[in-house]
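Read the structure below first, then the notes.
As a basis for the values below, the full set of heavy atoms in this structure was taken, side chains included, without hydrogen atoms, waters or symmetry mates.
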Amino acid sequence: VDLRHAVEELISTCNSQFQIYYQPIVSLKTGKIAGFESLIRWFQPERGMVSPVEFIPVAEETGLILAIGRWVLQESCNQLQRWQEQLQQPDLTISVNVSGRQFLQADFIPQIEQVLASTRVSAACLKLEITESVLMETATSVTERLEQLRDLGIRLSLDDFGTGYSSLSYLHRFPINTLKIDRSFVKGFGTDQDQIVRAIVTLAHSLKMDVVAEGIETSAQLQHLVQLGCEYGQGYLFSPPVSDDKAEQMLQAGIIWKG
């Protein structure tokens, strides 16, 4: 009930209980912020901040994720457009998570086109993150949808790669640009996880994809990923997800990691 009320408020007023936090995605070659991942936060008046782990599954089940997803996409592109213009960073990207239900919506492509048109953000600067479970929904319709997005110039990331339905046989059939290595593999460095990460990076490069490692928390993990040829990283070593004001301060500061 609280979630439905918050979403109704989101649609009907400017007084939203939801906020978007931004976690930097850092180039491991330059140490500069290449982009941000948008992450929704719900600040419920009585309960305070409610974890996405709690409310996103409920939103998926009830269909409220469609309104939430549309809002996150619009707000993320609005913010990106402001940063690109005000801070003169035209190549900055924004990564937005897309749920399976949202992805398979009949009007999903027109939604994307409308957001890009209204914000004047280049399609190449918008990255949509989907999970392996989305790819496995109905492969034919998913392939068509992915190809439509690719034709628009939007980049596509496969989130949490290796944790779900991993089937290397299907990966080459989809127009994916980026593989995101799940934090559980990064955390396991020093064990047999090393070989898994090495294999993912090698696979991605052989398919002309780049790699983002999630959950980087230590300098040792970072150095290991650099040695393996991973292009990008995000995690608490660089920064937790932060408000738009703090994200802007980080952009103005320039290099946030020196190798």
Side-chain angles (χ1 to χ4, degrees), residues 1-13 15-25 35-80 94-108 111-112 115 126-138 142 145-146 149 154 156-166 178-187 212 214-215 234-236 239-244 247:
V1 175
D2 286 342
L3 182 61
R4 187 172 296 280
H5 174 72
V7 172
E8 287 170 355
E9 192 177 77
L10 177 73
I11 295 168
S12 60
T13 73
N15 183 26
S16 174
Q17 295 177 23
F18 296 105
Q19 287 184 32
I20 298 176
Y21 273 38
Y22 299 90
Q23 186 169 36
I25 297 173
F36 289 93
E37 180 179 356
S38 295
L39 297 160
I40 192 167
R41 297 290 183 261
W42 179 21
F43 294 90
Q44 209 277 334
E46 283 80 37
R47 298 167 62 193
M49 192 179 90
V50 182
S51 168
V53 174
E54 286 185 57
F55 75 84
I56 291 295
V58 177
E60 287 264 14
E61 193 177 315
T62 57
L64 294 171
I65 195 70
L66 299 179
I68 292 172
R70 185 180 296 216
W71 178 80
V72 169
L73 183 65
Q74 183 73 57
E75 287 298 303
S76 299
C77 287
N78 285 343
Q79 184 62 69
L80 178 64
I94 200 80
S95 296
V96 179
N97 293 282
V98 176
S99 75
R101 198 158 181 170
Q102 188 184 1
F103 182 80
L104 293 171
Q105 242 185 317
D107 67 342
F108 182 60
Q111 268 185 50
I112 298 281
V115 168
L126 174 61
K127 295 189 173 188
L128 299 181
E129 299 199 0
I130 59 174
T131 61
E132 291 177 83
S133 58
V134 172
L135 292 187
M136 302 306 288
E137 295 263 352
T138 44
V142 166
R145 183 62 52 90
L146 290 171
L149 291 167
I154 290 166
L156 299 158
S157 298
L158 189 56
D159 201 12
D160 301 338
F161 181 72
T163 61
Y165 296 80
S166 283
T178 302
L179 292 186
K180 296 196 77 174
I181 300 175
D182 185 69
R183 66 187 65 248
S184 61
F185 296 127
V186 173
K187 193 174 183 180
V212 178
E214 298 181 289
Q234 64 186 107
Y236 277 54
S239 171
V242 294
S243 65
D244 54 354

task: Dump the intermediate steps for side chain to side chain contact (heavy atoms under 4.5 Å, CB included) on L128 and I112, then the final yes or no.
output: CA-CA 10 Å; L128 299 181; I112 298 281; 4.0 Å; yes
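- Partner of K180 under the side chain to side chain contact (heavy atoms under 4.5 Å, CB included) criterion, out of L158, D160, T131, D159: D159 alone.
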message: Is there a side chain to side chain contact (heavy atoms under 4.5 Å, CB included) between F43 and Q17? Walk through the geometry before answering.
response: CA-CA 5 Å; F43 294 90; Q17 295 177 23; 5.5 Å; no
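- I94 places a side-chain heavy atom less than 4.5 Å from the side chain of Y22.
- Going from atom CG of N78 over to atom CH2 of W71 covers 10.5 Å, rounded to the nearest 0.5 Å.
- When all heavy atoms of A59 and T62 are compared, the pair lying nearest together is O-OG1, 3.3 Å.
- The CZ atom of R70 sits 5.0 Å away from the CG atom of D107 when rounded to the nearest 0.5 Å.
- For the atom pair NZ (K127) and CD1 (I154), the distance works out to 13.0 Å, reported to the nearest 0.5 Å.
- Within the 4.5 Å cutoff, the side chain of L73 has heavy atoms near those of the L126 side chain.
- Contact annotation: the side chain of V134 never approaches that of L104 to less than 4.5 Å [non-hydrogen atoms, C-beta and beyond].
- Across all non-hydrogen atoms, the minimal contact from I25 to S95 is CD1-OG, 3.8 Å.
- Taking the side chain as every heavy atom from C-beta outward, P241 and Y236 approach each other to under 4.5 Å.
- Interatomic distance, CZ of R101 versus CD1 of I65, reported as 9.5 Å (0.5 Å rounding).
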task: Report the C-alpha separation of D244 and Q19 in whole Å, then their side-chain angles, then the decisive distance to 0.1 Å, and conclude whether the side-chain hydrogen bond (donor to acceptor under 3.5 Å, both in side chains) test is met.
output: CA-CA 9 Å; D244 54 354; Q19 287 184 32; over 6 Å; no
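- In this pair, W42 and F55 present their aromatic rings perpendicular. The plane angle is above 60°, beyond the 30 to 60° band.
- A side chain to side chain donor-acceptor pair (under 3.5 Å) with Q23 holds for exactly one of E37, Q234, E214; it is Q234.
- Pairing each heavy atom of P24 with each of P240, the nearest pair is CD-O, 4.3 Å.
- Closest approach of G215 and V186 over heavy atoms only: O-CG1, 4.0 Å.
- A 4.5 Å side-chain heavy-atom check between E54 and L3 finds every atom pair outside the cut-off.
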query: Which is it for Q111 and Q105 under the side-chain hydrogen bond (donor to acceptor under 3.5 Å, both in side chains) test, yes or no, and what are the steps along the way?
result: CA-CA 10 Å; Q111 268 185 50; Q105 242 185 317; 3.1 Å; yes
- request: Quick one: do V212 and S157 satisfy side chain to side chain contact (heavy atoms under 4.5 Å, CB included)? Show the steps, please.
  value: CA-CA 9 Å; V212 178; S157 298; over 6 Å; no
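- Under the 4.5 Å side-chain criterion, counting only non-hydrogen atoms from C-beta, I130 is in contact with L146.
- Inter-residue side-chain proximity for L80 and F36 is flagged as unmet; no heavy-atom pair is nearer than 4.5 Å.
- Inter-residue side-chain proximity for L66 and F108 is flagged as unmet; no heavy-atom pair is nearer than 4.5 Å.
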- request: Give the C-alpha distance, both sets of side-chain angles, the deciding distance and a yes or no for side chain to side chain contact (heavy atoms under 4.5 Å, CB included) between I56 and I40.
  value: CA-CA 9 Å; I56 291 295; I40 192 167; 4.1 Å; yes
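- Between P52 and R41, the shortest heavy-atom distance links the atoms CG-NH1, 3.4 Å.
- For the pair E60 and G100, the tightest heavy-atom approach, listed with the atom from each and the gap, is OE2-N, 4.3 Å.
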